[in-house]
Amino acid sequence: MSPVQSALAILLLPLASAAVIALFFRKQGALASWISTATAGAIAVLSLQLIFGGERFTASMEWLRFGDFSLSLGFKFDDLAALMLFVVSFVGFLIHVFSLGYMHDDAARARFFGGLSVFMFSMLGIALADNLFMIFIFWELVGFSSWLLINHWHEKQSAADASKKAFIVNRVGDFGFLLGIVMCYWANGTVDLSELAKLGDAHALVFSAAIPLLLFCGAMGKSAQMPLHVWLPDAMEGPTPVSALIHAATMVAAGIYMLCRVNMLMVPEALTVIMWIGTATALYAALCAVTQRDIKKVLAYSTLSQLGYMVAAFGLGSNRIHVAGCSFGDKMGFEIAVAAGVGAAMFHLTTHAFFKALLFLGSGSVIMGCHHEQDIFKMGGLWKKMPLTFLTFTIGVLAIIGLPGFAGFFSKDAILYLAMEKNTAVFAVLALTAVLTAFYMVRMWKITFFGEARSEEAKHAHESGLSLTIPLVVLAVLAVVGGYAGVYGKLAGGIAELVPEAEGSAHTTILLVSLAVMTIGTVSALLFYPATGADALEKKSSVIFSGFVALKESFDSVYDYYVAKIQQRFAMVLNFLEQVFLAGLIIRGAAGFIGLIGIGARALHVGSLHAYVYWFLLGAALLWAYAAGVF
Amino acid sequence: MNSLPLLSLLVFAPWAGALVLALLPRLSPSASRGLALGTSLSTLLFGLIACSDFNPAATAYQFVEVHNWIRALGVHYYLGLDGMSLLLVLLTGLVAPAALLASWRLERDVRLFNLLFLLLQGAALGVFLALDFFHWFIFWELSLVPAFFLIKLWGGPGAPRAAYQFVIYTLAGSAFMLAAFAAIYGATGSLSFPQLAHAAAGGELAAALGPWWIKIVFVGVFLGLAVKVPLFPFHTWLPSAYAEAPTGASMFLTGIMSKMGVYGFFRLLWPLFPAQLHAASGVLLWLALAGVVLGAFAAMAQTDLKRMIAYSSINHVSYCLLALFAVAGGGSELARDSAATSAALTSAKEAALSGALLQMFNHGLSASALFFCAGILASRNNGNRGLADYGGVRTSAPLFAGLCGLAMFSSIGLPGLNGFVGEFLIFRGVFGLVPYAAAVACLGLFATAYFLLTFWQKVFHGPVAGGGKNFADLDGLELATLLPGIVLMFLLGLAPQLLAGLINPLVTTWAAK
């Protein structure tokens with residue numbers, strides 16, 4: 001197969017799998033699950049072949065043409081796409097395998113695996129797309145498949161609500177994205193990524209802060225950045241493999257990937273906004289994570305926080321140039337700075353995909369072991385009963401808090417270094433976030449796995465089967481080795497070279513800082529939280545605890561207020577005005593007016609001869625007057 | 001090519017069917033259903049024949065039939081077809097048989113129902129194919145009569161009032177249009193659309209009417225069309241008419257009747273009064289935007305499913321007019337200054353116009369499918385169609401839920417389904433011409449997604465409740481009604497060039513004007 005053919009096969013295989021399942025195997029859950037998993041396996045193999053085959057290409061075909069106006073679909077397979085392809089196909093395959101076990105007893109298994117296939121199709125489309133229009137198509141489809149999978153248990157009201165919320169919040173961001181695409185088309189005459197890059201090299205791009213910021217709206221939705229982050233914690237209503245695949249490793253990373261794809265359009269002002277939104281999200285979500293009791297919710301907020309890290313890293317690419325402005329003299333420096341942001345963001349995206357998928361699947365194994373208990377305060381003592389899960393989960397925790405030697409350490413260091421060089425305030429916030437990350441992760445880890453078993457479910461916990469543990473082990477290996485140049489350099493090719501690296505004294509400083517923040521967070525969590533059935537923070541300082549809870553709920557209450565009090569009332573008022581004012585007063589009024597004329601005209605024809613005679617006389621008099629020239 | 005009067009066959013086949021039904025009073029209900037369906041399908045058949053002989057590269061009218069009719073008045077029997085008419089003929093061929101299938105289980109006065117329906121179908125086809133105002137207007141007005149009776153006799157409890165309001169309102173609009181054309185005829189002595197368009201392009205129409213009269217005439221024609229579409233704020237007849245009509249009639253009203261008005265805007269108003277439309281486009285854009293945004297927000301407040309879909313129809317059809325007004329306006333100052341090249345403006349116009357034509361077709365498919373789904377819900381639950389009357393229908397009827405969901409996502413504009421292409425092109429085009437209008441219209445997109453997903457969540461998701469209990473899944477007949485439309489939604493979503501090929505050169509010519 002030529003590379004283009006295998007890319008096409010990678011894209012279309014999951015669509016075929018979804019179609020076959022939807023048309024023929026809706027009732028055969030076992031068969032459907034194997035079809036979907038086998039497809040995912042084939043995609044993983046083909047992807048590895050394509051990535052390590054070394055060939056990089058572009059190919060496109062016209063999809064729609066009107067006169068001079070055309071839209072096309074195509075592949076742009078460069079190092080960036082190769083890296084994203086690896087994350088999606090490889091992690092996706094492992095999560096399929098995990099789902100074989102996790103969803104084994106689900107009544108609607110066929111629908112679930114069909115949905116996974118639709119999702120793979122959409123996500124691979126984003127990774128391979130060669131123009132913004134095509135990215136938008138698959139972007140929407142990703143939103144749709146996420147909707148489909150979150151409401152997998154649609155009889156549950158909370159799942160139905162969560163899926164609706166996710167779709168609509170994403171849609172809000174997508175409108176910005178749509179306008180950004182349309183505006184880019186209008187300003188530059190193309191949305192093809194290679195063409196845009198060419199224009200950028202020739203300094204012929206129309207630079208405007210509006211285009212990148214509108215495109216960033218899309219990323220805010222998908223990558224759940226403030227203030228559009230509210231859907232992600234709720235999305236945990238979906239089955240755990242879905243949370244791992246969509247809401248940790250791939251879909252939420254699509255926003256970061258898209259930003260890296262359009263980096264040639266970035267201007268310093270836009271990057272500054274992006275940087276601050278990412279930084280704020282990182283800190284905010286870390287604060288929210290501290291009070292969560294649900295194991296998946298802790299991971300959800302931690303995902304938000306890590307995505308904030310990536311967005312901040314991307315935005316950090318530019319700050320130094322900001323002062324100098326964006327004249328052509330600085331163009332070179334400006335480009336290199338953006339590239340450093342791309343390097344750091346994609347690096348963290350990759351390692352995060354490994355360890356966060358690992359943590360989510362680990363939590364899935366824990367939840368299954370505890371018979372679908374999700375409250376960490378009702379767990380405890382699981383390290384003995386679920387040794388393999390415990391071991392791999394621990395590796396995931398060490399990776400996310402950035403213990404030297406683990407994958408997360410390298411990528412987080414790259415971001416912190418970039419921040420230290422570019423912007424001290426951002427650096428301080430991100431370092432504080434790192435302390436909090438270590439704090440809440442170790443809190444969860446300790447309470448879940450240590451102490452006494454605090455419920456019947458936890459007492460009868462058992463280690464999960466092979467289909468659950470094998471993906472855990474593979475991901476654990478990646479969470480350890482994924483950060484080394486030998487692995488990441490091979491995977492990412494040219495993108496790995498963009499990762500900013502500290503040298504000399506800066507290297508020592510950044511190493512000391514990251515060790516310090518990690519140690520502070522870890523030790524304080526270990527000391528502060530006993531592995532018991534109550535939250536120590538709630539007991540000892542209810543003020544801080546309720547402060548964090550209020551912080552978490554503030555956004556939701558604002559949106560709820562908007563929906564219930566503003567939007568719905570606006571609709572009601574509108575409806576009322578229409579019924580009463582437009583349909584009632586004006587239309588009925590017009591009808592009534594004409595009716596009155598009718599009544600008046602009818603009054604003239606009363607049927608009485610006397611009346612007619614008088615009318616006749618009046619008319620005759622008027623005629624005479626007219627003829628005589630009286631008026 | 002002219003050996004077979006294809007267009008006359010297209011228009012009069014349904015009327016011939018209606019005549020047969022009228023002449024055979026003893027025909028059994030099932031025979032009249034079959035006869036009506038067969039005649040109704042003839043539109044699709046002839047439409048496909050026209051499609052295969054159609055030369056997409058030519059922009060002139062094809063399959064033209066011209067005969068002198070009333071010599072003294074210079075009235076011709078004049079039929080012709082271009083890409084836009086062909087699109088709408090095909091749409092009629094798809095929606096009308098589906099609407100008849102949807103009414104298959106109707107028990108009362110079956111023969112009369114089918115007769116009226118065929119009359120309606122023939123009148124609509126006449127509107128899409130006639131090129132002389134004289135019989136165009138006859139078709140236009142004749143479509144009201146069967147629609148009135150279909151709503152009044154087979155509709156819900158509020159039907160008589162809704163039907164009355166619908167007919168009076170539309171007639172009032174038409175009266176202005178008739179007067180306007182009388183003035184045009186008085187000034188030019190011609191009623192043929194191509195001739196008048198030619199005269200308008202050459203400036204003779206304006207010269208013949210004089211600077212004041214042409215404005216008044218423009219307003220008259222505009223009113224007739226605006227009520228029919230309907231354009232905000234002339235829409236108040238629509239929600240109750242659509243909601244009270246029987247399912248099949250709702251499908252036809254939203255699928256075809258609303259397109260008659262839009263067709264009129266493209267066929268009459270724009271070619272005959274380009275300068276006036278250009279001058280008015282600023283105001284009209286805001287009216288179309290009001291339809292897009294307020295229509296969607298008003299839909300949010302509805303608790304009756306059919307009223308909700310009716311308002312969503314206002315929203316969707318307003319996109320077509322938004323695109324037309326943006327093009328007729330020729331782009332705002334801002335767009336003209338910064339886009340600089342005329343090539344950019346032309347490609348924006350092409351996108352907007354082709355988007356509008358595709359949107360007409362796509363909305364016809366998705367809205368009629370949604371009305372049918374609302375009809376199914378009501379038929380299973382004693383005619384109740386409140387949003388709160390259901391819960392968890394997806395649990396009991398997964399197939400129905402899936403197909404209805406596809407129709408809904410087509411309406412929301414999900415890529416991969418047909419609705420997306422038209423809307424994307426409209427946004428792309430309108431943004432290049434009037435950027436603020438595209439930005440404001442985004443609110444309408446948001447609200448559409450919001451109320452449709454709310455509908456879905458309340459009716460199909462959550463615990464099984466109300467009418468959702470023991471909800472029977474689709475049977476064979478219902479599946480046969482719904483499935484062709486759904487398949488087409490996929491097909492046209494994946495390969496929009498199928499339709500685009502038919503209107504391509506036409507749109508290019510329009511955009512170059």
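A, B, ... follow the sequence lines: proteins, then strands. Residue 1 opens every chain.
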Just list the side-chain donor-acceptor pairs under 3.5 Å for residues 112-125 of chain A, sequence neighbours left out, or say none.
unit_1: A:Ser117; atom_1: OG; unit_2: A:Ser17; atom_2: OG; d: 2.7
unit_1: A:Ser117; atom_1: OG; unit_2: A:Ser36; atom_2: OG; d: 3.1
unit_1: A:Ser122; atom_1: OG; unit_2: A:Val118; atom_2: O; d: 2.7

(request) To the nearest 0.5 Å, tell me how far A:Phe167 CZ sits from B:Phe409 CZ. (result) 4.5 Å
(message) Just verifying a value: how many Å separate B:His461 NE2 and A:Glu155 CD, rounded to the nearest 0.5 Å?
(response) 8.5 Å
(message) What part of B:Leu425 gets within 4.5 angstrom of chain A, counting heavy atoms only: side chain, backbone, both, or neither?
(response) side chain
(request) Below 4.5 Å from any heavy atom of chain A, which atoms of B:Leu414 appear? Answer side chain, backbone, both or neither. (result) side chain
(request) Under 4.5 Å, heavy atom to heavy atom: which of residues 501-510 of chain B reach chain A? Give them by number, or say none. (result) B:Ile503, B:Asn504, B:Thr508
(message) Under a 4.5 Å cutoff for heavy-atom pairs, which residue among B:Gly392, B:Ala500, B:Gly413 has the most contacts with chain A?
(response) B:Ala500
(request) Check whether more than 12 heavy atoms from other residues, nucleotides or ligands sit under 6.0 Å from atom OH of B:Tyr164, and answer yes or no. (result) no
(message) Please classify the contact of B:Leu417 with chain A as side chain, backbone, both or neither, using a heavy-atom distance under 4.5 Å.
(response) neither
(request) Side chain from CB out, backbone as N, CA, C, O: work out which of these in B:Trp237 comes under 4.5 Å of a heavy atom of chain A, or both, or neither. (result) neither
(message) Please classify the contact of B:Ser240 with chain A as side chain, backbone, both or neither, using a heavy-atom distance under 4.5 Å.
(response) neither
(request) Evaluate whether atom CZ of B:Phe176 has more than 12 neighbouring non-hydrogen atoms of other residues, nucleotides or ligands under 6.0 angstrom away. (result) no
(message) Side chains of A:Leu71 and B:Val421, heavy atoms from C-beta outward: is any pair under 4.5 Å?
(response) no
Show me the side-chain donor-acceptor pairs of residues 173-185 of chain A shorter than 3.5 Å, one per line, residues at least two apart or across chains.
unit_1: A:Asp174; atom_1: OD1; unit_2: A:Trp139; atom_2: NE1; d: 2.8
unit_1: A:Tyr185; atom_1: OH; unit_2: A:Ser70; atom_2: O; d: 2.7

(request) With sequence neighbours left out, write down each residue that passes ring-ring contact (aromatic ring centres under 6.0 Å, His included) with A:Trp63, or none if nothing qualifies. (result) A:Phe133
(request) For A:Leu141 and B:Pro415, work out which heavy atoms get closest and say how close. (result) CD2-O, 3.3 Å
(request) Name the option with the most non-hydrogen atom pairs under 4.5 Å to chain A; the candidates are B:Gln497, B:Met300, B:Arg394. (result) B:Arg394
(request) Report yes if the side chains of B:Ile412 and A:Arg171 come closer than 4.5 Å at any heavy-atom pair, otherwise no. (result) yes
(message) Can you tell me how far apart CG (B:Leu494) and CG (A:Leu15) are? Round to the nearest 0.5 Å.
(response) 8.0 Å
(message) Between A:Leu73 and chain B, with a heavy-atom cut-off of 4.5 Å, which part of the residue counts as in contact: side chain, backbone, both or neither?
(response) neither
(request) Flag the pair A:Ile137 / B:Phe420 as yes when at least one side-chain heavy-atom distance between them is below 4.5 Å, and no otherwise. (result) yes
(request) Quick one: closest heavy-atom pair of B:Ala449 and A:Ile168, and the distance? (result) O-CD1, 4.4 Å
(request) Side chain from CB out, backbone as N, CA, C, O: work out which of these in B:Phe451 comes under 4.5 Å of a heavy atom of chain A, or both, or neither. (result) neither
(request) First locate atom NE2 of A:His154, then atom CD of B:Gln457, and finally report the distance between them rounded to the nearest 0.5 Å. (result) 13.0 Å
